[in-house]
2 protein chains.
Amino acid sequence: MNYTINEVARKFGLTAHTLRYYDKEGLLPFVERTPSGNRTFTEDDLNWIALICCLKDTGMPIKEIKSYSERALKGTETIEERKRMLMEHRMEVVRQMEKLQENLKLIDDKIGFYNDPANIPLMEERLKRK
Amino acid sequence: MNYTINEVARKFGLTAHTLRYYDKEGLLPFVERTPSGNRTFTEDDLNWIALICCLKDTGMPIKEIKSYSERALKGTETIEERKRMLMEHRMEVVRQMEKLQENLKLIDDKIGFYNDPANIPLMEERLKRK
DNA sequence: GCTTGACTTAGAGTTAACTCGAAGCGATAT
DNA sequence: ATATCGCTTCGAGTTAACTCTAAGTCAAGC
């Protein structure tokens, strides 16, 4: 019922190298080993990795994810700290979404500009005539 | 009516170093110099830099922004290519927004999980009891 | 005329996050 | 029993995007 490192890598679009790197950096503190020393991943580990990937993909640095992981390992006494970390990061993600909206608007404006033939004489490359 | 490199840096939250790096990498092909050799930025340059920053902040690599800039420098014959580049990148930005929504949802679920005292016995650190 | 401050260049150094290579071990297939 | 496969570790190498240093120029103020 458990998964090998390569099965997990495939599931998350990572490489085994990357998973080992995350493990070494302290992001996967729960992962156990088979008698022969190979990492073996449970369903719970997959859920944990999904959260780790989510935090990483939203720009949380490895070091901060590590500190979050360490708190999880410490036990229930750190629940409030962990919640605070996630709520703070949540605000950061909301800021990213707002910035992305703005940037999408700028790109759309530029595409719109290219779409209007009336703008051709105003193209950037023309603006530097001596 | 023109701006110095440090004024521009301040406006965009960059450093003069970074702007020179962008210039060296071919991202600012229109920027002219004063008689003494200093870069001098026009309003048009500011608009251009705003677009560059937008592309960079939405994950377009410097090399691709360079290739976009080179096309702009080439003239109106490249308008269609540039429009295609922006439209392709636009789709990428939309994908980023969708992914960000998903990730936000996962974070919210986790915060909700921490908020419900009934979940305390299910916390990650408990899931590894032997 | 000398100092100060903002600019210039080339090129070296830094950082985060991988990414890879080498050497080796343990379980299965011939 | 030997080859192969998938894993192991350690540590070095890579990449993108800066980030900084050193040495120097130029214009303005005292």
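We name chains A, B, ... by the order of the sequence lines, and we start the count at 1 in each one.
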Just to confirm, is there a sub-4.0 Å distance from OP1 or OP2 of C/dC18 to any side-chain nitrogen or oxygen of A/Y22? yes
At 4.0 Å (heavy atoms only), tell me whether B/T4 reaches a base, stays on the sugar-phosphate, or touches nothing. sugar-phosphate
Aromatic A/F113 / basic A/K110 pairing, under 6.0 angstrom, 45° off normal: yes
Between NE2 of B/H17 and C1' of C/dT14 the distance, given in whole Å, is 13 Å
Could you list by number each residue of residues 93-101 of chain B showing a heavy-atom separation from DNA chain C of less than 4.0 Å, or answer none if no residue does? none
Tell me whether the rings of B/Y68 and B/W48 are parallel (<30°), tilted (30 to 60°) or perpendicular (>60°). parallel
Kindly indicate whether the side chain of A/K56, heavy atoms from C-beta on, has any atom under 4.5 Å from the side chain of A/Y22. yes
Mind checking B/R20 for me? I need base, sugar-phosphate or nothing, with any heavy atom below 4.0 Å counting as a touch. base
For the pair made of CG in B/L28 and P in D/dC18, what is the distance, rounded to whole Å? 12 Å
Applying a 4.0 Å non-hydrogen cut-off, can you work out what B/K56 is touching in the nucleic acid: base, sugar-phosphate, or nothing? sugar-phosphate
Spacing between B/I65 atom CD1 and D/dA16 atom P, to the nearest angstrom: 13 Å
Please report the distance, rounded to the nearest Å, between CD1 in B/I52 and P in D/dC18. 12 Å
Does any donor atom in the side chain of B/E80 or A/Y114 lie under 3.5 Å from an acceptor atom in the other side chain? no
Tell me which nucleotide among D/dT8, D/dC18, C/dC18 gets nearest to the side chain of B/Y21. D/dC18
d(CG, B/L27; P, D/dA16) in whole Å: 14 Å
Contact class for A/P61 (heavy atom, under 4.0 Å): base, sugar-phosphate, or nothing? sugar-phosphate
